[in-house]
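Here's the structure we're looking at; comments come further down.
Small disclaimer: the values here were computed from a predicted structure and weren't measured.
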Amino acid sequence: MAFGPFLLLALMEGLVTAAVLALAAAGLSLVFGVMRVVNVAHGEFYMLGAVLAWAVTTMIPGPPALAFLAAVIIAPLLVAALAAAADGLILKRLNYDPEATIVATIGLLYILQQAALSLYGPNANPVTAPFEWRIQLPWFGYSGYKLFVVFAAGMVLLALWLFMNRTKAGLVMRATQVDRTTAQAFGINVDRVYMGTFALGAGLAALAGVLVVPIQQAQYLMGHDPLLLSFIVVIIGGLGSLRGTLIAALVIGLSDGVISMFFTPTLAKILATLLVAMVLVFRPQGLFGAKA
């Protein structure tokens with residue numbers, strides 16, 4: 001196969017990575033932007049989405065499409081409920097202090113990881129894709145499910161943008177992001193907003209995990225790379241900027257696909273880290289973030 005088809009394959013794989021990463025990073029960006037909380041456990045919510053997707057699909061008999069649809073609905077809702085409980089029991093009691101919440105979410109990371117290990121086990125398990133359709137190009141065949149992941153992530157991100165910009169709840173979240181004290185003075189229940197934001201961010205990460213698990217395998221340690229890449233995307237794109245998150249995810253995902261295809265995945269991570277360093281030096285607020 002010539003260079004052109006290899007490049008096309010790398011770009012398609014990178015687009016899938018970018019779609020999943022954009023979903024996970026959008027959740028982290030929301031929490032980081034609205035609550036000013038550095039959620040170190042964000043990758044474990046991604047992992048829980050994948051593990052719960054495996055659990056749901058193994059419990060529901062019938063065609064794979066039906067079981068997977070159930071997993072898409074159930075797993076993010078369960079993870080969002082768990083995140084809401086964690087917010088009320090842990091983060092709220094710490095008054096969302098930035099330093100204390102970092103330590104608390106590190107502890108939450110290990111609790112969730114060890115709970116998954118105890119209940120799920122150390123093995124990596126696959127989830128059957130809801131359909132086996134493939135698109136046949138002149139040079140190679142490509143998974144139709146991977147293209148579906150890109151489409152589904154795009155639709156969810158569009159719905160998130162509409163929610164943040166066209167609904168009263170989104171307006172309340174953005175008002176709280178700008179000034180918590182003024183929002184409270186206008187009667188906004190900031191604690192409820194924070195709980196909903198934390199749950200929404202976790203649910204987006206879990207949905208990303210559900211979508212990716214037919215491509216990868218569910219495993220209790222799978223949250224590390226998404227956490228690192230999500231932080232990279234948020235830093236590059238800008239604090240609380242959905243547009244910046246999407247563009248940064250595309251840059252990181254496509255470059256990861258191309259560099260991993262022609263060189264090594266490690267080099268892709270090194271270059272992404274260097275890009276973060278350059279952004280922090282020359283534009284600390286990110287490419288699309290507002291100045292403090």
Side-chain angles (χ1 to χ4, degrees), residues 20-21 23-28 30-31 37-94 101-130 145 149 152-153 156 195-231:
V20 175
L21 180 56
L23 268 184
L28 183 64
L30 272 178
V31 172
V37 167
V38 179
N39 180 19
V40 185
H42 192 72
E44 305 317 304
F45 292 138
Y46 173 96
M47 176 272 295
L48 283 179
V51 169
L52 288 172
W54 173 82
V56 170
T57 54
T58 55
M59 288 189 296
I60 295 180
L66 180 62
F68 187 77
L69 178 60
V72 167
I73 297 171
I74 295 173
L77 288 177
L78 288 178
V79 173
L82 176 63
D87 175 84
L89 295 174
I90 302 173
L91 303 184
K92 182 180 177 180
R93 294 175 183 272
L94 297 174
T101 52
I102 290 176
V103 176
T105 54
I106 290 174
L108 182 61
L109 179 156
Y110 286 110
I111 290 172
L112 295 177
Q113 191 178 96
Q114 294 305 308
L117 174 61
S118 300
L119 299 173
Y120 174 76
N123 297 327
N125 293 300
V127 170
T128 304
Y145 176 74
V149 169
V156 172
M195 179 177 289
T197 301
F198 200 66
L200 178 58
L204 288 170
L207 179 58
V210 174
L211 291 176
V212 83
V213 75
I215 302 171
Q216 300 177 3
Q217 292 185 335
Q219 205 256 353
Y220 81 103
L221 291 176
M222 67 184 295
H224 291 168
D225 279 354
L227 175 64
L228 172 62
L229 291 174
S230 293
F231 272 116

How many angstroms lie between CG in Asn39 and CG in Leu91, if you round to the nearest 0.5 Å?
7.5 Å

How about Leu227 and Val40: do any of their side-chain heavy atoms sit closer than 4.5 Å?
yes

Rounded to the nearest 0.5 Å, what separation is found between the CZ atom of Phe45 and the OG1 atom of Thr105?
9.0 Å

What closest approach, in Å, do Ala71 and Thr57 show between heavy atoms, and which atom pair accounts for it?
CB-CG2, 4.1 Å

Stepwise, does the side-chain contact (heavy atoms from CB on, under 4.5 Å) test hold for Leu117 with Gln114?
CA-CA 5 Å; Leu117 174 61; Gln114 294 305 308; 3.6 Å; yes

Gap separating the CG atom of Leu48 from the CD atom of Gln113, nearest 0.5 angstrom
10.5 Å

Could you report the tightest heavy-atom contact between Val213 and Ala53, atom names first, then the distance?
CG1-CB, 4.1 Å

Shortest non-hydrogen contact between Ala129 and Pro214, atoms and distance
CA-CB, 3.9 Å

Kindly say whether Ala25 contributes a backbone atom to a donor-acceptor pair with the side chain of His42 at under 3.5 angstrom?
no

Roughly how far apart are Leu109 CG and Met47 CE, rounded to 0.5 Å?
8.0 Å

Looking at CD1 of Ile73 and CG of Leu207, how far apart are the two atoms once the value is rounded to the nearest 0.5 Å?
11.0 Å

Show the nearest heavy-atom pair for residues Ala83 and Phe198, with the distance to one decimal.
O-CD2, 3.2 Å

Sort out for me which residue in Leu69, Val56, Val210 forms a side-chain contact (heavy atoms from CB on, under 4.5 Å) with Ile74.
Val56

Validation row: Asn125, Thr58 side chains within 4.5 angstrom (heavy atoms)
no

Between Gly49 and Ala75, which heavy-atom pair has the shortest distance, and what is it?
O-CB, 3.9 Å

Distance (rounded to the nearest 0.5 Å) between Leu221 CG and Glu44 CD:
8.0 Å

Within the structure provided, determine whether Leu119 and Val51 are in side-chain contact (heavy-atom separation under 4.5 Å).
no

Identified side-chain contact (heavy atoms from CB on, under 4.5 Å) partner of Val37 from the options Thr101, Leu94, Leu28, Asp87:
Thr101

Could you walk me through whether Tyr46 and Val20 pass side-chain contact (heavy atoms from CB on, under 4.5 Å), step by step?
CA-CA 10 Å; Tyr46 173 96; Val20 175; 3.9 Å; yes

Note: Tyr220 and Tyr120 closest approach over all heavy atoms is N-CE2, 4.4 Å

List the steps, then state whether side-chain contact (heavy atoms from CB on, under 4.5 Å) holds for Tyr145 with Leu211.
CA-CA 9 Å; Tyr145 176 74; Leu211 291 176; 4.2 Å; yes

